[in-house]
Amino acid sequence: MNPVIERIITTLKELPLSRKIALGVFAMVLVAGFSTLFVWANKTQFDVAYKGLSKDDAASVVDKLKESNTPYRLTGDGTTIMVPEDIVYDVRLSMAKEGIPKGGGVGYEIFDKTEFGTTEFVQKINKKRAIQGELARTISAFDEVKTARVMIVLPKDSVFVEEIKKPSASILLELNTDLEKENITAIAHLVASSIQDLTPKLVTIVDTTGRILFEGKSEEEQAKITAQNFADAQYKYKVRFEENLTKRIQTMLERIVGTDKAIVRVTSEMDFSKNDMNEEIYDPFERGGEFTRSRKNRAEKVITASQEVPTPSSVNPIVGDEGLAGDQNNERVNKSDDTVNYEISKRIRETQKPMAVLNRLSVAAVVDGKYEFKTDENGNKSRVYVPRSPAEMKQFEDIVVKAMGYNEDRSDQVSMECFPFASIAEIEAEPALTGLKMVQKEYGRTIANLLLVLLLFLFVIRPIVKTVKDIKTTVDQEALPGPEDRALIEEEEKEPEFIEMDGKQQKEYLELLPDDQKEAFLKEMNNRERNSYFTNMSVNEKAKYYARKDLYKTVNILKGWISEVEEE
C-alpha cells in the first residue's frame, strides 16, 4: 500500500472520537450531496402538458394517459398535468385527436352524435348549452382569464310586438390577473355580437371575488361615457396636431443651425363644436325662365230648351230633381277654367362642420447662436458666444411663418429668439471621481475577485497542500534507515577487495574492466592478490595465463605432461 495512504489511515485512527464523528458526518453529507446531484442529473424531466384545466378535462386526460401507460404528475390542485418533456407534444397531439380537452363545458360537439327521437325542447337546450360552452372557451383564450362561465337567457318568441323581450347574458370570470377596461368591454361586445338581438347594455360581467366588472349602462351614463371619450379624442387630436407641426418646424431649423440647437413649441386653439346645417332653396327664376310642368283647361256652356241642345244634366236627369231640371232649361251659362303648373327650382344643401376648426395658432422658437474661439494675450484659447444677426433671425422667422401656415385673420403669433444653449454634457455632467472612490468604481470588482482568490488559496488550498506535504515528509522520514541499519547498508554496499573475492567474483570483476585496464591491473597486482588470483584460477585458465605470459615455460610444462602420460 502507498505509504501516504497508510499514513492517512493511521492519522484517522489516532483522531479523537469527536473529530471522527464530525468527519463521518461531513463525509455522509458530501456523499449524499453527490448522490442527489447524480440522481437529479439522470432523473426524468417532466414538463407541463396542460395547465389550468377544469376537473372534467383533467379527469379525461388522466384516463387517456393511464390507458397508454404514460407517466404523469398532477400539480396545482389537479389542474396542471405534467408528462416527460420529450413526449409533451406527442401527448398534446394524441389528446387533440380525441377532442380533449374540451375547454370546460360542452360546445357544438354535442351535436356530433345524432339521437333519434330528440324533442324540440331538448334541441333548444342543447343549442343553448353549445353556445354557452363555445363562448366560455373563447373568453378563456385571454391570458388573464383562468376559467369562464357564460349564462344566457333567451326569451320565448311571441306574436305580439309589445311582448317581445330581448335576450340577456351574465358572465362569471376566474382571473389570473386583473383585466384592463378595454379587454372587459371587448368581452361584453364579443358575447353581445354572438347572440341575436343581444346588446352590450344587457350583458353583466363579474369575477369570482364578487366585483362587477361590466354592467349595462343607462342612456344618461352612456351619454357621459360617450362625452368623455369624445373629450379624450379631441385632446389627442389637438396634441397630435401640435406635435406634428412642432416636429416639422424643429427638424427644418436643425438642418440649418445644427442638431439640438433649436427648440420649437406650438400651441393651438381649436373649436370642436358640432354644427350641421340642411338647406332647401326654391327659386323659380334661378334658371332664367319659366317652364310649364302641366296645364289643365275646362269649359262649360248651357243654352235654353228651345234650342234642344242636350246638356249633361238633361241627358241623365236625377230622380227627384225634375223641377230643378226644368227650371235650368231656360238658363244660359258659360264657364271656362284654365290651370297652369310651372316648374320651380329646388336646391338641397347639407353642410357638416369638420371635427376641429383651428381658431388660433402660436409658435415659439429658440435657436442657438454661434461660437468662436479667441486667443487672449497669454495665448489661451476661449470659446465665445456670438448671437445671430437680425437679418438671420428675420430669415428664420419667415421660414417658420411659411412652415406653420400663418394666417393673419386668425391672429396667429410667432416668436423667434436667439439664446446661448447649455450643452447636455454640461447639464448632466457628474463630478469626476478621484482617490478611493475612483479606484472603487474602476477596479472594485477586479480587486474583490483577486481577494477572493487569495483567501481561497490561503485558507483552503494552502492548508490542504501543506497537510499532504507534511504527511509525505513524515512517511519518507520514517522510511529512512536508522544508524545501525545505515551501517549495515554501508557495509553491504562497500565493495570487497580483490583478495577477498572468490574465483567467480574475481573473474566477473576482470571481465567488466576494459582490456587495457585489465592488463594494467594484472601487472600492478601485489603478491597476495596474485597468489589469490592464481589459486582461484582453474587449470585451463592457468594454462592460458602462462601461455600468454611465458611461451617457453609453457612448452616445457606441456612436455612434462606428455612424458607423464606416456610412462603411465
Side-chain angles (χ1 to χ4, degrees), residues 180-182 226-276 351-434 438 441:
E180 295 183 359
K181 185 178 180 181
E182 293 79 5
T226 303
Q228 182 65 33
N229 294 337
F230 187 66
D232 294 340
Q234 292 175 353
Y235 175 75
K236 292 179 181 178
Y237 179 85
K238 181 175 181 294
V239 171
R240 284 199 303 268
F241 175 80
E242 295 174 352
E243 289 179 350
N244 182 37
L245 187 57
T246 299
K247 184 178 180 181
R248 290 170 55 189
I249 298 175
Q250 184 164 348
T251 53
M252 181 177 59
L253 291 176
E254 287 182 347
R255 290 292 298 272
I256 300 173
V257 300
T259 306
D260 296 331
K261 290 190 176 182
I263 301 174
V264 179
R265 295 293 181 266
V266 176
T267 303
S268 61
E269 295 180 7
M270 294 185 175
D271 181 13
F272 291 97
S273 61
K274 298 180 64 177
N275 185 13
D276 298 338
T351 304
Q352 291 185 353
K353 185 180 178 182
M355 178 180 178
V357 177
L358 184 60
N359 291 337
R360 189 178 183 183
L361 191 62
S362 300
V363 178
V366 180
V367 295
D368 195 6
K370 301 178 182 179
Y371 294 89
E372 297 179 355
F373 290 93
K374 294 185 178 180
T375 305
D376 56 9
E377 298 177 353
N378 299 327
N380 298 324
K381 290 185 177 181
S382 60
R383 189 165 175 258
V384 180
Y385 169 76
V386 178
R388 298 185 183 273
S389 62
E392 288 181 315
M393 297 303 298
K394 180 61 178 175
Q395 292 178 348
F396 290 149
E397 185 176 354
D398 293 340
I399 292 173
V400 172
V401 166
K402 297 296 188 298
M404 65 178 285
Y406 181 84
N407 189 347
E408 187 175 358
D409 296 336
R410 293 195 307 250
S411 301
D412 292 348
Q413 295 180 349
V414 178
S415 175
M416 194 75 194
E417 300 294 340
C418 179
F419 293 102
F421 281 17
S423 63
I424 298 176
E426 294 176 356
I427 297 174
E428 299 180 354
E430 297 180 356
L433 298 177
T434 57
M438 186 273 292
K441 182 178 180 181

Query raised in the report: Any ion pair linking Asp398 and Lys394 (charged N to carboxylate O, less than 4.0 Å)?
Result: yes
Requested in this report: Would you please test Met252 and Ile399 for side-chain contact (heavy atoms from CB on, under 4.5 Å) and show each step?
Outcome: CA-CA 9 Å; Met252 181 177 59; Ile399 292 173; 3.0 Å; yes
Query raised in the report: For Leu358, does its backbone N or O pair with a side-chain atom of Glu269 as donor and acceptor, under 3.5 Å?
Result: no
Report summary line: When rounded to the nearest 0.5 Å, the distance separating OG1 of Thr267 from NZ of Lys238 is 6.5 Å
Requested in this report: Kindly compute the distance separating CD (Gln395) from CE (Met416), expressed to the nearest 0.5 Å.
Outcome: 11.0 Å
Query raised in the report: Is it true that atom CZ of Phe230 has more than 12 heavy atoms of other residues, nucleotides or ligands lying nearer than 6.0 Å?
Result: yes
Requested in this report: Start with the C-alpha gap between Arg265 and Ile263, add the side-chain angles, then the distance that decides, and say whether side-chain contact (heavy atoms from CB on, under 4.5 Å) holds.
Outcome: CA-CA 7 Å; Arg265 295 293 181 266; Ile263 301 174; 3.7 Å; yes
Report summary line: Scanning both residues in full, the closest heavy-atom pair of Cys418 with Tyr385 reads SG-OH, 3.3 Å
Query raised in the report: So which heavy atom on Phe272 is nearest to which on Ala356, and how close?
Result: CE2-CB, 3.4 Å
Query - Phe241 CZ to Met270 CE distance, which is reported to the nearest 0.5 Å - result: 4.5 Å
Requested in this report: With side-chain contact (heavy atoms from CB on, under 4.5 Å) as the test, would you mind laying out the steps for Tyr406 and Val363 before giving the verdict?
Outcome: CA-CA 10 Å; Tyr406 181 84; Val363 178; over 6 Å; no
Query raised in the report: Are Glu242 and Ser268 close enough that a side-chain donor and a side-chain acceptor fall under 3.5 Å?
Result: yes
Query - Reported CG-to-CD distance for the pair Leu245 and Gln250, which is rounded to 0.5 angstrom - result: 11.5 Å
Query raised in the report: Checking Asp412 side chain against Ser362 main chain: does a donor-acceptor pair fall under 3.5 Å?
Result: no
Query raised in the report: Does Asp271 use its side chain to pair, donor to acceptor, with the backbone of Val357 at less than 3.5 Å?
Result: no
Query raised in the report: Would you say Phe396 and Val401 make side-chain contact, with heavy atoms under 4.5 Å?
Result: no
Query raised in the report: Do other residues, nucleotides or ligands put more than 12 heavy atoms under 6.0 Å from Lys370 NZ?
Result: no
Query raised in the report: Of all heavy-atom pairs between Arg360 and Ser411, which one has the smallest distance, and what is that distance?
Result: NE-O, 3.3 Å
Query raised in the report: Are Met393 and Val367 close enough, and set up right, to give a side-chain contact (heavy atoms from CB on, under 4.5 Å), and what steps lead you there?
Result: CA-CA 9 Å; Met393 297 303 298; Val367 295; 4.1 Å; yes
**Report entry** Contact check, side chains of Val264 and Leu253, non-hydrogen atoms, under 4.5 Å
**Finding:** yes
Report task. Please name the pair of heavy atoms, one in Ala403 and one in Arg248, separated by the smallest distance, quoted to 0.1 Å. Result -> O-NH2, 3.9 Å
Requested in this report: Heavy atoms only: give me the nearest Ala262-Glu254 pair and the separation to one decimal.
Outcome: O-OE2, 3.9 Å
Query raised in the report: Is there a side-chain contact between Val266 and Leu361 (heavy atoms, below 4.5 Å)?
Result: yes
**Report entry** Salt-bridge contact Arg388-Glu417 (side-chain N to carboxylate O under 4.0 Å)
**Finding:** no
**Report entry** From CA spacing to verdict: salt bridge (Lys or Arg N to Asp or Glu O under 4.0 Å), Glu243, Lys236
**Finding:** CA-CA 10 Å; Glu243 289 179 350; Lys236 292 179 181 178; over 6 Å; no
